[in-house]
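In what follows, a structure is listed as structure tokens, so that the remarks can point back to it.
All values below come from the heavy atoms of this structure, side chains included, with hydrogens, waters and symmetry mates left out. As the structure is a prediction and not an experimental result, all values here were calculated from the model.
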Amino acid sequence: MGAAVGVGGVGAVLALADIASPVRAPFTFFFLLAAPAAALAGGLRGLDPLSRAVVAAGGTVVIDLLVAQGMLALHMWSVRGGVAVVAAVSAALFLVPLVRHSYGRAERRRTP
């Protein structure tokens, strides 16, 4: 797990900083696949592991394609922009279960 985070993080940094490296393309591609999948899998705790992996993989493809389609439709295509948007969407998806959990806990405290 730690190696995957490291590879994805290096890929994002290489793409955002526009650093020429032979590992830039594969590491960035790994980031574009792994970041949304990990964020989606975190919110799907009610599913069994195989179903969670399949749904997260499908969701990753959808997120990446929607980001690319939106950037193309707005004539704002750039590699750095795409990586930044996918990172922002992944971060938001990662935070949704945490916020929902803390909100539910606060609601339980208020109700006698």
Side-chain angles (χ1 to χ4, degrees):
M1 181 70 170
V5 172
V7 168
V10 169
V13 168
L14 288 174
L16 291 173
D18 201 22
I19 297 172
S21 172
V23 296
R24 177 181 168 185
F27 282 15
T28 303
F29 183 67
F30 182 78
F31 171 77
L32 291 173
L33 293 177
L40 285 171
L44 300 171
R45 296 204 186 270
L47 298 176
D48 62 289
L50 181 60
S51 298
R52 188 182 330 174
V54 170
V55 172
T60 296
V61 172
V62 169
I63 289 170
D64 288 341
L65 289 177
L66 284 175
V67 168
Q69 184 68 31
M71 292 178 72
L72 287 172
L74 296 172
H75 302 286
M76 298 176 64
W77 178 256
S78 74
V79 174
R80 283 193 264 173
V83 170
V85 170
V86 169
V89 169
S90 298
L93 287 172
F94 179 74
L95 292 175
V96 166
L98 298 175
V99 170
R100 185 174 42 198
H101 178 69
S102 65
Y103 179 73
R105 192 175 348 168
E107 282 294 316
R108 283 188 294 255
R109 283 189 208 156
R110 284 189 217 146
T111 310

Only pairs at least two apart or in different chains count here, so list each side chain to side chain donor-acceptor pair (under 3.5 Å) that has a residue in residues 3-22. D18-R24

Pairs involving residues 41-50, ordered by first then second residue, that meet side chain to side chain donor-acceptor pair (under 3.5 Å) (sequence neighbours left out):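 Side chain to side chain donor-acceptor pair (under 3.5 Å) check on residues 41-50 returns D48-S51.
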
If you group Ile, Leu, Val, Met, Phe, Trp and Tyr whenever their side-chain heavy atoms sit less than 4.5 Å apart, what else falls in with [X]?
X   : value
F94 : L95, L98
L47 : L44, V55
M76 : L74

Considering only distance and modelled atom types, tabulate donor-acceptor pairs under 3.5 Å from the side chains of residues 64-73, sequence neighbours left out.
none

Show me the side-chain donor-acceptor pairs of residues 77-91 shorter than 3.5 Å, one per line, residues at least two apart or across chains.
unit_1 : atom_1 : unit_2 : atom_2 : d
S78    : OG     : G81    : N      : 2.9
S90    : OG     : V86    : O      : 2.8

Which residues pass the side-chain contact (heavy atoms from CB on, under 4.5 Å) test with I19, sequence neighbours left out?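 I19: side-chain contact (heavy atoms from CB on, under 4.5 Å) contacts with L14, A17.
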
Distance-only criterion, 3.5 Å: show the donor-acceptor pairs between side-chain atoms of residues 33-42 and protein atoms not counting sequence neighbours.
none

Give the cluster check for L16 versus L32: same hydrophobic cluster or not, with ILVMFWY residues linked at side-chain heavy-atom distances below 4.5 Å.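 L16 and L32: one cluster.
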
Same apolar cluster (I L V M F W Y, side chains within < 4.5 Å links), V10/V7: yes

Salt bridge (charged side-chain N to carboxylate O under 4.0 Å, His left out) contacts touching residues 81-93 (sequence neighbours left out):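 Passing the test, one end in residues 81-93: no pairs.
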
